[in-house]
Amino acid sequence: MIPFIDLAAQQARIRPALDAAIARVLAHGAYVMGPEVRALEEKLSAFCGAGRALSCANGTDALALPLMAWEIGPGDAVFCPSFTFAATPEVIPWTGATPVFVDILPDTFNLDPDHLDAAISAMEREGRLRPAAVIAVDLFGQPADYPRIAEVCRRHDLALIADSAQGFGGTLNGQHPIAWADVATTSFFPAKPLGGYGDGGAVLTRDDALWERMDSLRVHGKAVAGDPALNGHDPKYLNARIGMNSRLDTLQAAILIEKLAIFEDEIAARQKVAARYAEGLAEVCRSVPTVIEGGVSTWAQYVVEHRDRDGLAGHLKAKGIPTAVYYPVPMHRQAPYADFPHGPGGLPVSEAKAETVLALPMHPYLTPEIQDRIIAAIRAFNG
Ligand SMILES: *Cc1c(COP(=O)(O)O)cnc(C)c1O
């Protein structure tokens, strides 16, 4: 069986560095908020060239932290795509706010800025909810249209979060999403382009005061600089707000430092894999991915569209080639989310894509030989 994502190949490449990094943590014993946590945060900020990073327990908490820090809650509307992983909308009702689903563009599968604008205007006219924030998603690794989304957000006075769980490391016109968004988030779930060996996440912001509040929230609302006088008490036991426990383990930070060191190189390798797929598959699939002009995708997934998606998946499975469907049911069609509002005219593109998308094996260590087997199998299905 060909692996869908080959984490073993990556591990073999950096195993000695990982072993040494893990051994250093076992030697110093600071398993929670150890020195590697701060070091990773500094390296993540440097990698993005802007903003300040704060690590946390997973990519879902990374989305919740800014919403909590902005005190978004009941009566607020937060706009997001429906064609995404559940974590994107899930954090919105956590705060008491209401998700408002927006459709995607048919070529990039990312948030449609015009439909976003229309959805916000409709909410403003209706007056029931206060538009507060937008969560854009870098679906399958490719950057959303941040210049246009940020312009819509500025015009309506909304905060912008870039959910880069899949797209962290991707750029648009040479810049990371944090150049446009108020906050960019990522996930270190093992299968993400920058994944650890367990759960983890991070938030980036250019706003120092927001960073401080999120630092507080990730440790039970501990008092931080800017909070009322500490009077000499240990800030750990002075709670300035209601927070949570969302720390990144030191061991994960140590592992991620080693993975970040080869991340640029891996992103470059992913471009070659994507280009080979595009060349081999463009004429036999309904679509191969279109990346936004000026964009670099991290290719978290390589997703093609096919009129007989399920037939093709079965054909490939029989040949030992795994595939996956992201996402078979858009979030606004899932029972717990079905009653939340959506933009005017519904979400026809999200619904159509759910029927045709198929993700192929994708990782930086996919060899041309194996890739050619996958391409040949897909071409054979088309006869
Ligand atoms: C994976 C993912 C998340 C959540 O990350 P976790 O670390 O699994 O909590 C959020 N948004 C998107 C788009 C994702 O793909």
Side-chain angles (χ1 to χ4, degrees), residues 4-5 7 40 44 53-68 78-95 99 101-102 104-105 108-111 133-144 146 149 160-170 176-178 181 183-204 214 217-218 244-249 252-253 255-256 259 270 289 297-303 324-332 334 337 350 353-354 357 359 362-363:
F4 188 66
I5 293 177
L7 293 175
L40 174 69
L44 290 170
L54 181 96
S55 61
C56 61
N58 54 67
T60 308
D61 285 358
L63 293 165
L65 283 166
L67 297 181
M68 291 168 75
V78 179
F79 300 80
C80 70
S82 171
F83 196 63
T84 180
F85 182 60
T88 312
E90 181 178 39
V91 295
I92 302 165
W94 283 7
T95 65
F101 291 113
V102 175
I104 51 169
L105 295 166
T108 63
F109 301 2
N110 276 333
L111 204 60
V134 172
I135 307 179
V137 177
D138 297 328
L139 201 73
F140 305 146
Q142 77 150 301
Y146 287 108
I149 293 169
L160 174 59
I161 297 175
D163 177 352
S164 293
Q166 300 177 18
F168 183 77
H176 292 263
I178 191 60
V183 168
T185 69
T186 192
S187 162
F188 302 128
F189 181 79
K192 308 280 173 167
L194 180 61
Y197 291 149
D199 279 307
V203 192
L204 263 123
M214 295 193 293
L217 287 164
R218 81 170 153 176
M244 57 185 176
N245 174 4
S246 187
R247 295 174 296 236
L248 180 72
D249 292 341
Q252 290 305 336
I255 289 161
L256 285 161
K259 292 199 178 205
R270 285 171 183 272
S297 176
T298 58
W299 301 106
Q301 305 294 343
Y302 192 89
V303 173
V325 175
Y326 304 118
Y327 294 93
V329 183
M331 294 309 299
H332 71 288
Q334 308 249 11
Y337 295 89
S350 302
K353 293 299 176 192
V357 286
M362 180 76 208
H363 59 84

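For this chain, numbers begin at 1 and follow the sequence in order. Note that these values count all heavy atoms, side chains included, but never hydrogens, waters or copies made by symmetry. Ligands are counted one by one from 1 in listed order, and the atoms in each one are counted from 1 as well.
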Validation row: Cys56, Leu248 side chains within 4.5 angstrom (heavy atoms): no
Protein heavy atom at shortest distance from atom 9 (O) of ligand 1: Thr60 OG1, 2.5 Å
Main-chain N/O of Leu63 paired to Asp61 side chain as donor or acceptor, under 3.5 Å: no
Any N or O of Asp199 closer than 3.5 Å to N or O of ligand 1: no
Phe109 and Phe140 aromatic ring geometry - parallel, tilted or perpendicular at 30°/60° bounds: perpendicular
Which atom of Met362 lies closest to which atom of Ile5, heavy atoms considered: O-CG1, 3.8 Å
Protein heavy-atom partner closest to atom 11 (N) of ligand 1 - residue, atom, separation in Å: Asp163 OD2, 2.7 Å
Identified side chain to side chain contact (heavy atoms under 4.5 Å, CB included) partner of Pro81 from the options Val102, Ile104, Leu105, Val134: Ile104
Minimum-distance protein heavy atom relative to atom 14 (C) of ligand 1: Lys192 NZ, 2.9 Å
Which segment of Thr84 sits under 4.0 Å of ligand 1 when only heavy atoms are counted: side chain
Gly59 N/O under 3.5 Å from ligand 1 N/O: yes
Element-labelled atoms of ligand 1 that are located less than 4.0 Å from some non-hydrogen atom of Thr88: 11 (N), 13 (C)
Per-atom contacts, ligand 1 versus Ala87 - under 4.0 Å to a heavy atom: 3 (C), 4 (C), 10 (C)
Spacing of Asn58 atom CG and Thr186 atom OG1 [to the nearest 0.5 Å]: 11.5 Å
Atom pair CZ/CG of Phe188 and Leu194 - distance to nearest 0.5 Å: 5.5 Å
Atom indices of ligand 1 within 4.0 angstrom of Gln166 heavy atoms, with elements: 13 (C), 14 (C), 15 (O)
Pair Tyr146, Asn110: side-chain N/O donor-acceptor within cut-off below 3.5 Å: no
Heavy-atom nearest neighbour in the protein, as seen from atom 8 (O) of ligand 1, with distance rounded to 0.1 Å: Ser187 OG, 4.0 Å
Per-atom contacts, ligand 1 versus Asn58 - under 4.0 Å to a heavy atom: 7 (O), 9 (O)
